[in-house]
Amino acid sequence: MSKIPVIIDCDPGVDDSFAIALANSYSGFDIVAITAVEGNVPAVLTRKNALCLCDTLGLNATVGFGAEKPLVRPYFRDASVTHGESGVGTVQFKNPIKTPDSRPAWELIYDEAVKYNGELVLVAIGPLTNIATALRRHPDLPKYIKKFYIMGGGTFGNVTATGAKAEFNIWVDPLAAKEVFEKMEVYMVGLNATHSAAITEEDFDEMISLCGNDPKSNLIKELSKFSKFNSLENGQDNHIIHDALAIASLMNEDVVDFEDYFVWVEDNEEADNVGETVIDFNGQSGKPANCHVAMKVNQPLFVQMMKNMCKFYNENNITIN
Ligand code: RIB
Ligand code: CA
């Protein structure tokens, strides 16, 4: 089976880190690039974390630096309470060895999409600023993208600042999300799906027990310990590894069932639901479906994939000195 060329646009991020590690453990992917965007923590940290994740995981992907702030909104909130000050929990990355590509993320994404001539799968697991910028600069990008997955949106929100409607990735840059949904066919793995895939304390304990003691395994182990602690002790939602579910749904189509609906994004800053992905479940808009919405989730299968990832790194801990 030929490998699927994939670019992951992300804001690492604890769950982004799990997602990248999961993707890196799958032989069916050729991870072409990792691109960084502002989000969970400021871009200076998401960029460093993207480079250091590649170093630690031995991931030979190009890293592209993207946006530092949303298209028009200021970047005024980060999610460090969920991801730690560094963005990767208690993990203490040193200075990266890997260096970024000279092109900004949106140019890197476009160039690779053209190079793979319609075979590239694009996965965005952070705010959509880079994707929207790529589309503004290159309106023909969609014809070069085989499938476009996001972790974002859903049937409810998690950003309390704007009521119960907005999910963080969409809320950070609603205008970017609005433009992306208007221009791309989206596979949306939203909160309604990710919350159905929550990891239990026993699951975390087993993941930790399956990890080895090499640098890759220690990264997964530390992320797992932080996620377990921060959810059980601090009441954060780290037991929901949002971004990893988006990757898992691409790896195995049995993990998530998608239903097709028309979806638009509220970007009116005056609206109380700014940042909501409005899903037209009853077809009121009369508009054709533009989005595959993740609805049913096979949680046991997802958890098994996460445990298999832990085993993978333990069994493949060939460190080349
Ligand atoms: O709402 C969850 C999403 O926001 C995840 O992608 C998490 O990493 C944050 O970016
Ligand atoms: Ca993310």
Side-chain angles (χ1 to χ4, degrees), residues 7-23 34-43 45-50 53 66-70 73 75-89 91 105 122-131 148-174 176-177 180 186-199 223 226-227 230-231 236-250 256 265 274-277 294 297 302:
I7 289 183
I8 302 173
D9 187 68
C10 55
D11 60 334
V14 171
D15 58 329
D16 305 70
S17 302
F18 274 119
I20 292 167
L22 180 63
I34 302 286
T35 51
V37 68
E38 87 287 346
N40 287 317
V41 287
L45 288 172
T46 61
R47 293 171 173 180
K48 175 188 175 187
N49 293 338
L53 284 163
E68 296 178 272
K69 62 176 289 298
R73 243 187 186 199
Y75 171 68
F76 55 80
R77 178 182 183 277
D78 67 31
S80 53
V81 68
T82 309
H83 299 271
E85 288 306 314
S86 67
V88 283
V91 173
L122 180 58
V123 183
I125 53 176
L128 295 173
T129 314
N130 291 343
I131 313 304
F148 174 56
Y149 283 70
I150 73 166
M151 189 282 131
T155 60
F156 57 85
N158 61 356
V159 180
T160 48
T162 65
K165 289 283 188 185
E167 177 278 328
F168 180 78
N169 285 340
I170 307 298
W171 179 78
V172 168
D173 196 344
V180 168
V186 183
Y187 284 81
M188 177 169 80
V189 180
L191 292 177
N192 55 295
T194 62
H195 280 244
S196 306
I199 303 280
L223 290 170
F226 172 82
S227 298
N230 213 37
S231 48
Q236 297 304 315
D237 73 345
N238 294 83
H239 60 305
I240 303 168
I241 310 183
H242 306 275
D243 294 338
L245 184 66
I247 292 292
S249 72
L250 176 57
V256 166
V265 176
V274 60
E276 177 186 2
T277 49
V297 175
F302 171 63

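Everything numeric in this text was worked out from a predicted model, so none of it was measured. Atoms within each ligand, like the ligands themselves, are counted from 1 in listed order.
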Visitor: Specify whether an N/O/S atom of Ala19 falls short of 3.0 Å from the Ca ion (ligand 2).
Guide: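 Checking Ala19: none of its N, O or S atoms is under 3.0 Å.
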Visitor: From Asp11 CG over to Met151 CE, what is the distance, rounded to the nearest 0.5 angstrom?
Guide: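 Atom-to-atom, Asp11:CG and Met151:CE are 10.5 Å apart.
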Visitor: Taking all heavy atoms of Val41 and all of Ser80, pick out the closest pair and write down the distance.
Guide: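 So the minimum-distance heavy-atom pair works out to CG1-CB, 4.3 Å.
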Visitor: Tell me which protein heavy atom sits closest to atom 6 (O) of ligand 1, plus the residue, atom name and distance to 0.1 Å.
Guide: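 For atom 6 (O) of ligand 1, the nearest protein heavy atom comes out as Asp243 OD1, 2.5 Å.
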Visitor: For the side chain of Asp16 and the backbone of Asp243, is there at least one donor-acceptor N/O pair under 3.5 Å apart?
Guide: no
Visitor: In terms of atom number and element, which parts of ligand 1 are under 4.0 angstrom from non-hydrogen atoms of Asn158?
Guide: 1 (O), 2 (C)
Visitor: Would a distance-only check, ignoring hydrogens and angles, find a side-chain to backbone donor-acceptor pair under 3.5 Å from Tyr75 to Pro70?
Guide: no
Visitor: Ring centroids only, cut at 6.0 angstrom: are His195 and Phe156 within range, meaning strictly under it?
Guide: yes
Visitor: Applying side chain to side chain contact (heavy atoms under 4.5 Å, CB included), run through Val274 and Arg73 and close with a yes or a no.
Guide: CA-CA 12 Å; Val274 60; Arg73 243 187 186 199; 3.7 Å; yes
Visitor: Which is the closest N/O/S atom of Asp243 when seen from the Ca ion (ligand 2)?
Guide: OD2
Visitor: Any idea which protein heavy atom is nearest atom 9 (C) of ligand 1, and the distance to it?
Guide: Asn40 OD1, 3.0 Å
Visitor: Evaluate the criterion side chain to side chain contact (heavy atoms under 4.5 Å, CB included) for residue pair Ser249 and Tyr187; output intermediate values, then yes/no.
Guide: CA-CA 10 Å; Ser249 72; Tyr187 284 81; over 6 Å; no
Visitor: Relative to the heavy atoms of Met151, which atoms of ligand 1 are at a distance of less than 4.0 Å?
Guide: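 Near Met151, meaning under 4.0 Å from one of its heavy atoms, ligand 1 has 2 (C), 3 (C), 5 (C), 6 (O).
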Visitor: I'd like to check which ligand 1 atoms, numbered from 1 as shown, lie under 4.0 Å from a non-hydrogen atom of Asp16.
Guide: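 Those of ligand 1 that fall under 4.0 Å from Asp16 are 8 (O).
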Visitor: Identify, by atom number and element, the atoms of ligand 1 in contact range of Asp11, meaning under 4.0 Å from any of its heavy atoms.
Guide: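 In order of number, 8 (O), 10 (O).
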Visitor: Check each heavy atom of Val14 against ligand 1 and say whether those closer than 4.0 Å belong to the side chain, the backbone, both or neither.
Guide: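 Contact part for Val14 vs ligand 1: neither.
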Visitor: Within the side chain of Asn49, is there an N or O that forms a donor-acceptor pair under 3.5 Å with the backbone of Ser86?
Guide: yes
Visitor: Considering just N/O/S atoms, say which atom of Asp11 is closest to the Ca ion (ligand 2).
Guide: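 This turns out to be OD1.
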Visitor: Is there at least one pair of N or O atoms, one from His242 and one from ligand 1, spaced under 3.5 Å apart?
Guide: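 No, there is no polar N/O contact under 3.5 Å.
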Visitor: Could you work out, for atom 10 (O) of ligand 1, the closest of Thr194, Asn169, Ile125, Ile150 by heavy-atom distance?
Guide: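 Residue with the shortest heavy-atom distance to the ligand atom: Asn169.
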Visitor: Write out the residue and atom name of the closest protein heavy atom to atom 8 (O) of ligand 1, then the distance separating them to 0.1 Å.
Guide: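 Heavy-atom neighbour on the protein nearest atom 8 (O) of ligand 1: Asp15 OD1, 2.6 Å.
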Visitor: Around atom 1 (O) of ligand 1, find the nearest protein heavy atom and jot down its residue, atom name and distance.
Guide: Glu167 OE2, 2.5 Å
Visitor: If you measure only the distance, is there a donor-acceptor pair under 3.5 Å linking the side chains of Asn130 and Thr35?
Guide: no
